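For reference, the structure discussed in these notes is given below.
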Amino acid sequence: MTLLSVFLEDTTALLVALPLLGAFSAPLVGKVSAKARNLWVIAIMALAELAAVSLLVDVLGGNPHFYAVGASDPALPSAAGFPFRIVLVADAMSALVAALAMTMALLSVIYSLRYESGNEGLEKYYSLVLLLAGAMMGLCLTGDFFTLFVFLEIASISSAGLIAFFSSAESFEAAFKYMVVSASGALFLLFGVGMLYGQYGMLNMASIGDSMAAQATFVDLAALSLLVSALLLKSGSVPVHMWKPDAYQEAPPQVVVMLVSFALLSLYLIFRICFSVFGAMVFPAIGWTVAILGALSIFVGVVMAVPQRNLRRLIGYAAIAEIGYVMLGVGTSLLAMHDSTGVGMSSMHGGIFHMLNDAIDMGLLLLVVGAVTYATKRQELDQVSGLAHRSGALAALFLIGVLSIAGLPPLNGFASKVIIYESVFRINPMLSVIGILGSIMMLAVFVKIFASVFLGAPYKGCFRKIPRSMLIPMVVLAVIMIFIGLFPGLVLERLVFPAAEALLNQEMYFGGVL
Amino acid sequence: MMSMHYLAVAAILMIGMSALVSRRNLIKIIMSLHVMGSAVNLFLVSLGYREGSIAPIFTNAPSLQMVMPAPQALTLTSIVINIAVVALMLSFAILIYQHYGSLDPRRRRLSG
Amino acid sequence: MNHVLVTNAGYWSPLVWVAAFAIVTAIALLIRSRGEKGCRHGTEQSLPFFSGNEPTAGNIHASNLYWGFVHGLARHYRLLARAHSGVVNDYAFSLVVLAVVLMAALIVGGMA
């Protein structure tokens, strides 16, 4: 067997293993030299990205991967008929989310090469970043509930470390708050998992879903609500969004890019649990709660973003609103799943498409904001103005991000939002109106940043030159955005339709594991 | 008899949760989280318990009436994770005390 | 071929917008080219000013923007700011509330 065929066969496991290997070896390589460590981290991340993309291409070719860790068959070593092993599942949905999270992580590592180069303790920083990337891959691919809990804890511990990385008093406060809420959320999740175990005696998602009756029992519903509330906390939806502005304000901006994809991953896990595990007994109450919480997130996020004075805190509130659009789209599809007009299907497409666009748009804006902080060493909005005179490229990149996140055509944000508006309108016009108003407010919020930071008389303070390793990730993201904006049909057809199909098709999900 | 476990779990969980939302001291908040963690661990262990059975070790077992092994493995993992979380939070509490001179969560700089 | 985005209710082509964008840019450039040629950068002429006022070197800062909006809704903003208190106990409390509300909603909606 050649190395290449091993790589292709085991991509699912390698996707989790590679970042973990990099995480624990980065401090060792760092003993040699800082340059060797940077090269090593980039090499590991590039390899993992290659694995993620090749997995996505393979899965989209109609070939979902079901990988039993440590055995050829998930049910080994006994013939009990249900899987004992840890199963990793890569279908079109999870492979898409994994590739998205990995791409954002790779860009954020490239960005941090120069951004962080003045700081101490960088080997720990890269360890934590790679640990977070590995845990996110585990979350995308996991096929059982307990592994989900473990990876969720790994991801929250490493992101708490990263939030505290700047070692200022405020960053410790933000990290402490994040840790308290995420630890209690994880306990809720574990309690819910325990309930499901008590009911079914299994931990594998597919086999639990398979043995679930059409009529939900009390324990099923209590477990579902605990799981969903814990994951809503991780994704930062209203009313458990308060940790988000704190964390986004204090974490390094390129780490926030990864936190955004972590939040989207938690939403993906909610949808996976609702559609693939509890799919047989989906009922309107889940859809209503998710959609209404989504609309509330949009409202509270944009309203609180308007008066903010700290650049990154403002983006934190905007991120809450962006999460709301995904929840609105997919929540509506939970509502109208059996609707014959296809409204449910198209709102789901909108929601999944918006996950993609949210990660990319937020990523670009955060990286530009990080570059502003890097160049001027300030992050209060009132302290900087007129930066467009100093760096036109930065202003142009930010403008692209703003137009897209506010949903202006012909950029990618519009394509997904218009699908969400149209389909939500046919279920409940009120929710759709909140979404559109939120979008307008979002434009106002980001125009405020653009007008005050980039426009005005030329900036007089010191302005460090933006290095190329920071510009490249931003330009890559902007190019992806324009591409998606010009070819929305292509992206929908190739990526989003198969992903929605994979979420809805329970037989395929069960069949691969059992 | 079996429901005794679950009553205890509910009681400990309630104690932990009420302390979590009402105590104004970072150390006590960490303690209440750990109490909640213990409640969840107790819940997991009692899920796999069977009256009058032995530890799940197959070699030379006198009977095949065993408690279920999976919840115990889960509990061990979750205990280890809890310790890591509590250690991390305590170190944050130390650092916050150094910078703020207080362990009161109301003395905060990030709000609004 | 895949330029057109087909939504459930209609369709939309980004190319129209690209064309519109090009036309608007052309008009903007046309207006700009008809502007005053004698403008000198770096002098008093390039300073921002409110009409009627003396030109000042000062900028309009972020906290000046939407002042009226925030001021008009100050009462509601005070409420929201009180909800976002930044005290960690409140964060934990909101999680407990969410779990309880969700449990009530799902159990009522699912058992019916």
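For clarity, every value in this text was computed on a predicted model and none was experimentally measured. Throughout, protein chains are lettered first and strands after them, A, B, ... in sequence-line order, and every chain is numbered starting at 1.
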My understanding is that only residues two or more places apart in sequence, or in another chain, count here; which of them pass side-chain contact (heavy atoms from CB on, under 4.5 Å) with Ala39(B)? Ile12(B), Leu13(B)

Restricting to side-chain contact (heavy atoms from CB on, under 4.5 Å), what partner residues turn up for Leu106(C), sequence neighbours left out? Leu224(A), Ser225(A), Phe283(A), Ala285(A), Ile286(A), Thr289(A)

Under 4.5 Å to a heavy atom of chain C? For Leu110(B) that would be backbone

Tell me, yes or no, whether the heavy-atom count around Met103(C) atom CE, taken from other residues, nucleotides or ligands under 6.0 Å, exceeds 12. yes

Would you list the atom pairs in which one atom of chain B and one of chain C form a donor-acceptor pair under 3.5 Å?
residue: Leu20(B); atom: O; partner: Asn89(C); partner atom: ND2; Å: 3.0
residue: Arg23(B); atom: O; partner: Asn89(C); partner atom: ND2; Å: 2.8
residue: Arg24(B); atom: NH1; partner: Asn89(C); partner atom: OD1; Å: 3.1
residue: Arg108(B); atom: NE; partner: Ser85(C); partner atom: O; Å: 2.7
residue: Arg108(B); atom: NH2; partner: Ser85(C); partner atom: O; Å: 2.7
residue: Gly112(B); atom: N; partner: His84(C); partner atom: O; Å: 3.0

Looking at Val87(C), Val96(C), Leu80(C), which makes the most heavy-atom pairs under 4.5 Å with chain B? Val87(C)

Please tabulate, for the side chains in residues 80-88 of chain B, all donor-acceptor contacts under 3.5 angstrom to protein atoms that are two or more places apart in sequence or on a different chain.
none

Please name the pair of heavy atoms, one in Val21(B) and one in Ala92(C), separated by the smallest distance, quoted to 0.1 Å. CG1-C, 4.1 Å

